[in-house]
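The next block holds one structure in the form of structure tokens; read it before the comments.
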Amino acid sequence: MFASRTNWRLDPNLFTRALDEHRRAGKEILDLTMSNPTTRGLDYPDEEILAALADPRALTYRPESKGLLEARQAVADYYAGRKGFSPHVTRVDPERVLLVSGTSEAYSHIFRLLCEPGDEILVPAPSYPLFEFLADLADIRLVPYPLLYDHGWQIDFVSLRAALTPRSGAVMVVHPNNPTGSFVKPNEAVELAGICAPRGMAIVADEVFLDYGLSRVRVPLGARQEEDSARTFALHDAALTFTLSGLSKISLLPQMKLAWTVVTGPEELVKTAVACLEIIADTYLSPSTPIQLALPKFLSLRHTLQAQLRRRIAANLSVLDAALGESKLLTRLDREGGWYAILRVPVTGTDESLAINLLERCSVLVHPGHFFNFSQDGFLVLSLITPELDFAEGVKRLQGFFDH
């Protein structure tokens, strides 16, 4: 009765079962996996957010396949002043911006544009596991290529090239990566384009965490900061490139469900890609009018909201590093941005069993590394946007678990 593309394992794994039992028992949980900024005690400008949704123009339906022009212009303005990977591309054209309800929808559109059933997309490992479900729904295969760690992360181009087949349609990058926090370097972007362009492959760049590089962590309270110095694939034309981002991380408003795709690259390829994506988008017309009208305001709010979160990330990172300085068994991998920290821990079993033990013995919830497709055990992933007091107590218990 059900399609093979949804033939997923539906029974919960050991870790999920242990967490469910812990919650049913009413036991304390210090959650160091928190990723929802709207429930993390940030000071949101509630009145401004609600007022932006009360635009009377929202009472009239104006279907636009790519999205309302003023909203697409706001996206283009977001990239103003940023550095790209192609020095002669200095601005984003709003006509090459397509609005969607979320980056997951953007991925779906791009996979349908680029791939026949059974085609392949190369994806980094470790990285976010959601991609596997999106690939299943698009009837394509994901082929991992490794990110190697040696005092920082880099793309393993030898393995990436070895993974290429005639069915390879694109190389995906997450910039910065979730959870490693590593950015694609300029020389890596050049090499990626050198791989993709001659083969008729595209680059798909997920930049939802772009604004959270280390260069922007310490911001005085109330100060307005310059845009991040990290380069963006939205200003890249050496290969056909699709750059994804949205309100969820930029303005810490995941509930508003608005994201976008910026298409860049060789002119003829871009024209065809945009025209086809416009038809796909027109089939659904998913972004709501009130959210599109509010987009310029929501993007303008990002400065003060991001400043709050970056201060928290810096505070939690300081607490973590101080604790690790006293530990003989735990180390933190280098990071360049994002919301997460990765701990290297002793391997006494699987990361899943370790995470269950931490939950049952310390009431501390962390992500096991295999959740993000680490190739071996010995890694735990912590969210740095956890409220400071909870984070400090959780780290204290982690330290006690391993060092005693």
Identify, with sequence neighbours excluded, every residue that meets side chain to side chain contact (heavy atoms under 4.5 Å, CB included) alongside Ile356. Leu14, Phe15, Ala18, Glu352, Glu360
Any idea how Tyr128 and Phe372 line up, ring-wise: parallel (<30°), tilted (30 to 60°), or perpendicular (>60°)? tilted
Does a donor on one side chain sit under 3.5 Å from an acceptor on the other, for Gln73 and Asp77? yes
Lys396: what forms a side chain to side chain contact (heavy atoms under 4.5 Å, CB included) with it, not counting sequence neighbours? Glu393
Who pairs with Phe371 by ring-ring contact (aromatic ring centres under 6.0 Å, His included), at least two apart in sequence or on another chain? His367
Please name all residues satisfying ring-ring contact (aromatic ring centres under 6.0 Å, His included) with His236, sequence neighbours left out, ordered by chain then number. Phe233
With ring pair (Phe, Tyr, Trp, His ring centres under 6.0 Å) as the rule and sequence neighbours excluded, what pairs involving residues 266-286 come up? His109-Tyr284
Pairing residues for Phe209 by the ring-ring contact (aromatic ring centres under 6.0 Å, His included) criterion, not counting sequence neighbours: Trp339
Sequence neighbours left out, what passes side chain to side chain donor-acceptor pair (under 3.5 Å) with Thr331? Give chain and number order. none
Please identify each residue that fulfils ring-ring contact (aromatic ring centres under 6.0 Å, His included) with Phe131, with sequence neighbours left out. Tyr107
Who passes side chain to side chain donor-acceptor pair (under 3.5 Å) against Asp351, sequence neighbours left out? none
Name all residues meeting the side chain to side chain contact (heavy atoms under 4.5 Å, CB included) criterion together with Thr272; count only those two or more places apart in sequence or in a different chain, and write none if there are none. Cys276
Residues at least two apart in sequence or cross-chain that pass side chain to side chain contact (heavy atoms under 4.5 Å, CB included) with Asp237, listed by chain then number, are Ser86, His88, Val89
Any residue meeting side chain to side chain donor-acceptor pair (under 3.5 Å) with Asp139, in chain and number order, not counting sequence neighbours: Arg5
